[in-house]
Each structure stands twice: as C-alpha cells, then as structure tokens.
Trainee: 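Sharing a structure here in structure tokens format.
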Amino acid sequence: MTEHIKIEKSDGILSLTMARPDKKNALTNAMYGALADAMEAAETDPSVRVLLIRGEGDMFTAGNDVGEFAAIATGAFQGERHVGRFLQALAHSSRPLVAAVQGRAVGIGTTMLLHCDLVVLAENALLSTPFVNLALVPEAASSLLMPLRIGYARAYEMFALGEAVDAKSAFAWGLANRVVPLDKLDGEAMALAARLARQPAGAVSTTKRLMRNPELLLAQIKAESQQFAERLKTAEAREAFAAFAERRPPDFLKFAS
C-alpha cells in the first residue's frame, strides 16, 4: 500500500483517490500496486457495488511517473512492475467504474477512462495521450478502444501528435457522460455512483459483461505491453526522457526511421 492512494468505502461505493498532488498525481509503481490490490479485492467483496476513481488537487493525473520510465529505460529499475496488474484489473472489473476528472488527464489518465462506465469531466478537463511524444506506444487496450470510441482519425491524432482534447470535445466525441463546473464535479460523480449502487448489482454486472469482452481487451493489453516494453529500451525513448529531464525539445531526427 502507499499513502498516495486514498481508499474509502461507504454505502457500497469504494473510492480510490490518487493523492500525490505535489507531483501532479503522477503514478508510481507503488500507486499502481495499491490500485490493483483494491480493485482485485473489490471483485470478491459483496459490500462493494461501485468503484469511484478520482484525483486530489487540481489535476486528475499526469500519467506514469516519467522518472520511473527513465529508470526502466536505463535498466536502473528493479522489481515487479504493478502497472500490468492495474491494467488487468481494469479489464476484468465486473463492478461499474465511475471517474471524476478535473484538470489534465495524461496518458493512462485518459486511457483508463475507456474502461470506466461513467465519466464525469470538470469544465477544465484536458485529456491527452502523448505516448508517441515519449517514443512509446498506447497502452490499456486504448489502441483498440479509442478508435472504436471516437474513430480512427481522431484517435490517431491523439496518439501520434499528443495534443490535448478539452472537456467539450471529449463529451461530444463520446469520451464522457457529463461535463460540469469544477465545484460540482465530486458531487455529480458521487451522485451517479450512488445511483448505480442502488441498482440491482447482478443485472448491472451482467450488462457490463455483455457489453465488454475482457479476453479481447487482455489480448490487446498483452500485445501493447510487449511493444511498450521494447520501445522503452530504444534510443528514441532515452532521448525523450533525457529531453524531459533537461527541459528541452527532443531531437528524434538523428535516429533512422
């Protein structure tokens, strides 16, 4: 467990809050582990009927901690990586997932929303998937789910150029259920979670299972993860992380295509 993931349970709702606001809620290996542990435990806890995912502070999450990416790229990181467990928990979850998103949702901060059943955005939300900017590839089965949700053209632009999508566009494209003022975000998300918690749990979970194919999602996650791991070890990735650390634009033109 980690102090950077706050876990609360009340009235059938398990709230998971990313609580590392001083680092823009950037996700560490320990945070992934805590999220995975909580989601896995929820699957066998009859008192949990809905999961609510939030971020503390002015940002949902800046995505994966880039420092840990760099450590993996240089071989300095040792031990089990828990991000895979978290992605599998998203794909496997039979409980409805509700997300409350304010400010920036970067990388996995956006791709995890594709696994959420209800997404509430604050008016200041900005969704981005800048994997290619870091010389990486999409994850969380987003290379499958994003084109299905918003079309190939928009999905490719989000992945290849990494430009942020504002809340109004995200709602129009089908990436969210609601857009609300920032001060109404938590209340709206909690109200939706409470409504779901009062619904017949068996019918809710069966409906979700009929609408999603976990095996297909897991196969895509596996394929993406293999490519992601390979890309982390490339010279392009090392240049991207060095540029990030040195606060300069990366120079990818020195690498062969």
Side-chain angles (χ1 to χ4, degrees), residues 6 8 10-21 24-27 35 49-63 90 93 95-131 138-199 204 207-208 211-212:
K6 294 181 179 178
E8 301 172 281
S10 178
D11 300 323
I13 301 169
L14 183 69
S15 296
L16 306 176
T17 303
M18 295 172 284
R20 198 187 177 206
K24 302 179 182 179
N25 293 331
L27 287 157
L35 289 168
R49 300 170 72 89
V50 182
L51 278 72
L52 174 60
I53 303 175
R54 299 184 285 197
E56 193 173 275
D58 60 7
M59 182 181 293
F60 184 62
T61 174
L90 286 173
S93 179
R95 305 297 197 265
L97 305 177
V98 179
V101 181
Q102 80 283 7
R104 290 189 175 273
V106 181
I108 197 166
T110 288
T111 59
M112 76 167 76
L113 302 181
L114 298 170
H115 296 270
C116 293
D117 305 290
L118 293 176
V119 175
V120 185
L121 302 181
E123 291 173 337
N124 72 342
L126 289 169
L127 312 186
S128 61
T129 52
F131 301 108
E139 32 75 311
S142 60
S143 59
L144 171 69
L145 294 174
M146 191 72 83
L148 289 175
R149 185 76 65 87
I150 68 174
Y152 179 91
R154 286 169 172 162
Y156 185 82
E157 184 171 3
M158 283 190 72
F159 290 139
L161 299 183
E163 295 177 355
V165 176
D166 62 27
K168 182 178 179 181
S169 297
F171 174 74
W173 294 359
L175 291 170
N177 300 83
R178 307 273 196 284
V179 176
V180 299
L182 178 59
D183 62 353
K184 304 292 185 184
L185 177 66
D186 286 337
E188 181 70 14
M190 184 59 75
L192 287 171
R195 286 180 61 186
L196 280 172
R198 292 191 295 269
Q199 294 289 80
V204 168
T207 296
K208 177 170 180 170
M211 294 176 70
R212 291 169 58 85

Trainee: May I ask you to test the L145-H115 pair for a side-chain heavy-atom distance under 4.5 Å?
Mentor: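 A side-chain contact under 4.5 Å exists here.
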Trainee: Using modelled atom types only, decide if a donor and an acceptor are shared between the side chain of R104 and the backbone of G63 within a distance under 3.5 Å.
Mentor: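 Checking the backbone N and O of G63 against the side chain of R104, no donor-acceptor pair under 3.5 Å is found.
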Trainee: Would you mind telling me which of L97, L51, L90 makes a side-chain contact (heavy atoms from CB on, under 4.5 Å) with C116?
Mentor: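 The passing option is L97.
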Trainee: CE/M158 to OG1/T129 distance, rounded to the nearest 0.5 angstrom?
Mentor: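 Spacing of CE (M158) from OG1 (T129) equals 4.0 Å.
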Trainee: Closest approach of F171 and A176, non-hydrogen atoms and distance?
Mentor: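 The answer is CD1-O, 3.5 Å.
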Trainee: Please answer whether the main-chain N or O of E56 pairs with a side-chain N or O of N25 as donor and acceptor at a distance below 3.5 Å.
Mentor: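 Yes, N25 side chain to E56 backbone: donor-acceptor pair under 3.5 Å.
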Trainee: Looking at CD1 of I150 and OH of Y156, how far apart are the two atoms once the value is rounded to the nearest 0.5 Å?
Mentor: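 Between I150 CD1 and Y156 OH, I get 14.0 Å after rounding to 0.5 Å.
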Trainee: For R95, does the CZ atom have more than 12 heavy-atom neighbours from other residues, nucleotides or ligands under 6.0 Å away?
Mentor: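 Yes, enclosed.
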Trainee: Of all the heavy-atom pairs spanning A170 and L127, show the shortest one and how long it is.
Mentor: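 That would be CB-CD1, 3.8 Å.
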Trainee: If we only count heavy atoms from C-beta on, is the L175 to R149 side-chain gap below 4.5 Å?
Mentor: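 Contact flag for L175/R149 side chains = yes.
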Trainee: Taking V101 as the fixed residue, which of L113, V179, N124, V120 is the one that meets the side-chain contact (heavy atoms from CB on, under 4.5 Å) rule?
Mentor: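 Among L113, V179, N124, V120, the one meeting side-chain contact (heavy atoms from CB on, under 4.5 Å) with V101 is L113.
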Trainee: Look up atom CD in E163 and atom OG in S128, then write down how far apart they are to the nearest 0.5 Å.
Mentor: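 Those atoms lie 10.5 Å apart.
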Trainee: Using the side-chain contact (heavy atoms from CB on, under 4.5 Å) rule, pick out the option among V106, L161, T110 that qualifies with P130.
Mentor: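 Of the listed options, the one satisfying the test is V106.
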Trainee: Identify the heavy atoms of A100 and Q102 that sit nearest to each other, and give their distance.
Mentor: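 Of all heavy-atom pairs spanning A100 and Q102, the closest is O-OE1, 3.8 Å.
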Trainee: Look up atom CD in E123 and atom CG in L185, then write down how far apart they are to the nearest 0.5 Å.
Mentor: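 Answer for the CD-CG pair, E123 versus L185, is 10.5 Å.
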Trainee: Any side-chain to backbone donor/acceptor pair from N177 onto V119? Under 3.5 Å, distance only.
Mentor: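 Side chain of N177 to backbone of V119, a donor-acceptor pair under 3.5 Å: yes, one is there.
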Trainee: How many angstroms lie between atom CG of L27 and atom CZ of R20, to the nearest 0.5 angstrom?
Mentor: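 So the gap between those two atoms works out to 8.5 Å.
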Trainee: Please report the interatomic distance CG(L121) to NZ(K168), rounded to the nearest 0.5 Å.
Mentor: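 One finds 14.0 Å between CG of L121 and NZ of K168.
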Trainee: State, to 0.1 Å, how close V50 and A197 come at their nearest heavy-atom pair, and which atoms those are.
Mentor: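 Closest approach of V50 to A197: CG2-N, 3.5 Å.
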Trainee: Using salt bridge (charged side-chain N to carboxylate O under 4.0 Å, His left out) as the criterion, list what pairs up with D117, not counting sequence neighbours.
Mentor: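 With sequence neighbours excluded, D117 shows a salt bridge (charged side-chain N to carboxylate O under 4.0 Å, His left out) to K208, given in chain and number order.
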